[in-house]
Amino acid sequence: MSVSSLLIGWYRRHRRDLPWRQTRDPYAIWVSEVILQQTRVEQGLPYYQRFMQAFPCLSDLAGARTSEVLGLWQGLGYYSRARNMHQAAMQVMERYGGAMPSDYASLIALKGVGEYTAAAVASMSSSEAVPVVDGNVIRVLARLHGLEDDPGRAGMRRRLAELMKELMLGHDPGEMNQAVMEFGALQCVPRAPRCGDCPLSHHCKALALDRVEVLPFRRPAKTPRERHINYIVLTDPSSPRDLFLRKQDHQGIWKDLWTFPMVESPVAIQEEELSANPDFHRLMQGVEYHRPSLVLCLRHILSHQRLEACFFSVGLKHPSSTLPQELLRFSPGKLPPMPRLMHRYLEKGTGQGPARKP
DNA sequence: AATACGGGGCT
DNA sequence: AGCCCAGTATT
């Protein structure tokens, strides 16, 4: 039995029943693929359901406000995916009159659609023979063929794509793409793969050479950047539940999401030091306020940064004093899209008393 | 080719 | 604590 047939056979027995596998609609498949970028199926599934309910077809998405799209993305991370999707939807309206394309060339020209997503959507919605190379494919094929090269290299990527194209011969390209990915997600997993009941164990070069644990090649990880962020939580005595938030602009994390205004410091700072901080002064220019009081510090771990976030409550002396323009007031009932860290604070920070335990 | 970009789950 | 996830855009 050939490797390709073994994979398809395994897939048909073990495939998970997922909503985007019950359609050939390129729009629905595209939505699922973008949500699943760097995101596990279990984590993305509820977002997919809510997203498709809010935007059943492409024109619904194209006509939405960016803030609404970001709101549905809230908590999922990599928010540029949501912004790019919204832009891509508008591109499809202009270029194709609202009909989502299903060919690789048209798809990859869309915002936020790279090689992987274009190949995935094209193969699954129209059976175009374009191979996907994602983390699963890299792992499965590197082990199966005992490939030691760095998948970050262009040459290795091309080789993996070629191997996928060979596997596709005589099979539906979309089904084979999904079969290898599902195999990587459920059977040939990163750590402790289930080689004991693997249908490809007799074909697996890595298993024969005892290289399963070290393949695929991994570049040594860099240590993430440490940052100390001090958030200014303004409180208006006349309506103490309101939040004063600022939209993250420029570049950097959480672009277009809303957070408390913040001041960064090289090390953790005390309440007095915050008062003396020049950025703090600039923010509070022309505002009368009480002295800052530390409410709580939270440790927030991201892939590339380790944040120590300290939240300082600052009471306004006058209920409606003029505040910097970039600060907007929000009532708790209708908050804008915010990163997880803000929600963590709002859950825990409602209590009282300073606590500085990273 | 290298880096930035979130958040969560599993070992 | 470290790894890695159905990656893409930017540098």
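Sequence lines set the chain letters: A, B, ... in the order given, protein chains first and strands last, and positions in each chain run from 1.
Comparing A:A192 and A:P339 against DNA chain B, the residue whose closest nucleotide sits nearer the 5' end is A:P339. With the nearest nucleotide of DNA chain C identified for both A:V41 and A:V113, A:V41 has the one nearer the 5' end. Between A:M338 and A:G155, it is A:G155 whose nearest contact on DNA chain B lies nearer the 5' terminus.
For the two cysteine residues A:C204 and A:C195, the thiol sulfurs sit 2.5 Å or further apart.
Closest approach to the A:R153 side chain among C:dA6, B:dA1, B:dG6 is made by B:dA1 (side chain taken as heavy atoms from C-beta onward). Listed nucleotides C:dA6, C:dT10, C:dC3 differ in distance to A:Q178; the shortest reach to its side chain belongs to C:dA6. Of the candidate nucleotides C:dC4, B:dG7, C:dA6, B:dG7 has the atom nearest to the side chain of A:L302. Of the candidates C:dA6, B:dG6, B:dG7, the closest approach to any side-chain atom of A:H300 belongs to B:dG7. Residue A:R191 places its side chain closer to B:dC10 than to any other of B:dC10, B:dT3, B:dG6. Looking at the side chain of A:Q43, the nearest of the listed nucleotides B:dA4, C:dT8, B:dG7 is B:dG7.
Between the CG atom of A:L36 and the P atom of C:dT8 there is a distance of 12 Å, rounded to whole Å. Atom P of nucleotide C:dA6 and atom CG of A:L45 are separated by 13 Å, given to the nearest angstrom. Rounded to an integer number of Å, the gap from A:R306 CZ to B:dG6 P is 18 Å. Note: CD (A:E115) to P (C:dA9) measures 10 Å, nearest angstrom. Distance CZ (A:R15) to C1' (C:dA6): 15 Å, rounded to an integer number of Å. When rounded to the nearest whole Å, the span between CE of A:M85 and C1' of C:dA6 equals 14 Å. The distance from atom CD of A:E213 to atom P of C:dG2 is 19 Å, rounded to the nearest whole Å. Per the geometry, CG belonging to A:L215 stands 16 Å off P belonging to C:dC3, to the nearest Å.
Using a 4.0 Å heavy-atom cutoff across all strands shown, A:G75 reaches sugar-phosphate atoms only and no base atom. Among the protein residues, A:G252 comes within range of the sugar-phosphate backbone only, with heavy atoms under 4.0 Å from sugar or phosphate atoms but none that close to a base. Using a 4.0 Å heavy-atom cutoff across all strands shown, A:V34 reaches no nucleic acid atom at all. Using a 4.0 Å heavy-atom cutoff across all strands shown, A:I35 reaches no nucleic acid atom at all. At the heavy-atom level, A:R340 lies under 4.0 Å from the strands shown only through sugar-phosphate atoms. Counting any heavy atom pair closer than 4.0 Å across all strands shown, A:E42 reaches no nucleic acid atom. Within 4.0 Å of A:R16, counting heavy atoms only, lies at least one base atom of the nucleic acid. Using a 4.0 Å heavy-atom cutoff across all strands shown, A:S303 reaches at least one base atom of the nucleic acid. In this structure, A:H343 reaches neither bases nor backbone, as no heavy-atom distance under 4.0 Å exists between it and the strands shown. Within 4.0 Å of A:W73, counting heavy atoms only, lies no atom of the nucleic acid at all. Contact annotation for A:K111: backbone-only contact, meaning every heavy-atom pair under 4.0 Å involves sugar-phosphate atoms and none involves a base.
Hydrophobic clustering, with ILVMFWY side chains joined whenever heavy atoms are under 4.5 angstrom apart, groups A:W20 together with A:V92. A:L144 and A:M1 fall within a single hydrophobic cluster, where Ile, Leu, Val, Met, Phe, Trp and Tyr are joined by side-chain heavy atoms under 4.5 Å apart, directly or via other members. Hydrophobic clustering places A:L72 together with A:V34 (ILVMFWY residues linked when any side-chain heavy atoms are closer than 4.5 Å, directly or through intermediates).
Dashed line: the shortest gap from a side-chain N or O of A:W30 to OP1 or OP2 of C:dG7 is not under 4.0 Å. Look at A:K255 and you won't find any side-chain N or O under 4.0 angstrom from OP1 or OP2 of B:dA4. Regarding contacts with the backbone of B:dG7, a side-chain N or O of A:Y79 is found under 4.0 angstrom from either OP1 or OP2. Residue A:Q38 has a polar side-chain atom (N or O) positioned under 4.0 Å from OP1 or OP2 of C:dG7. A:R81 has no side-chain polar atom (N or O) that falls below the 4.0 Å cut-off from OP1 or OP2 of B:dG6.
Distance check on atom C1': C:dC3 versus B:dG6 gives 15 Å, rounded to whole Å. Straight-line distance between the P atoms of B:dG8 and C:dT8: roughly 22 Å, to the nearest whole Å.
Contact of A:T39 with B:dG6 (side chain to base): a donor-acceptor pair of N or O atoms is detected under 3.5 Å. Not a single donor-acceptor pair, N or O on each side, falls under 3.5 Å between the base of C:dC3 and the side chain of A:R218.
In this structure, the side chains of A:R241 and A:S331 stay at 4.5 Å or more apart for every pair of heavy atoms.
Near DNA chain B, defined here as any heavy-atom distance below 4.0 Å, there are no residues from residues 116-152 of chain A.
For the pair A:R81 and A:Y78, the NZ or CZ position fails the cation-pi test of under 6.0 Å to the six-membered ring centre and within 45 degrees of the ring normal.
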Item to check | Candidate pair A:D17 and A:Q22, rule side-chain hydrogen bond (donor to acceptor under 3.5 Å, both in side chains), full reasoning | outcome: CA-CA 8 Å; A:D17 189 18; A:Q22 298 172 7; 2.9 Å; yes
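Judged by distance alone, the side chains of A:H300 and A:Q305 never bring a donor and an acceptor atom under 3.5 Å apart.
Looking at A:R306 and A:E226, a side-chain N of the basic residue comes within less than 4.0 Å of a carboxylate O on the acidic one, giving a salt bridge.
Note on ring orientation: taking the six-membered ring where Trp is involved, the planes of A:Y27 and A:W30 are tilted (angle from 30° to 60°).
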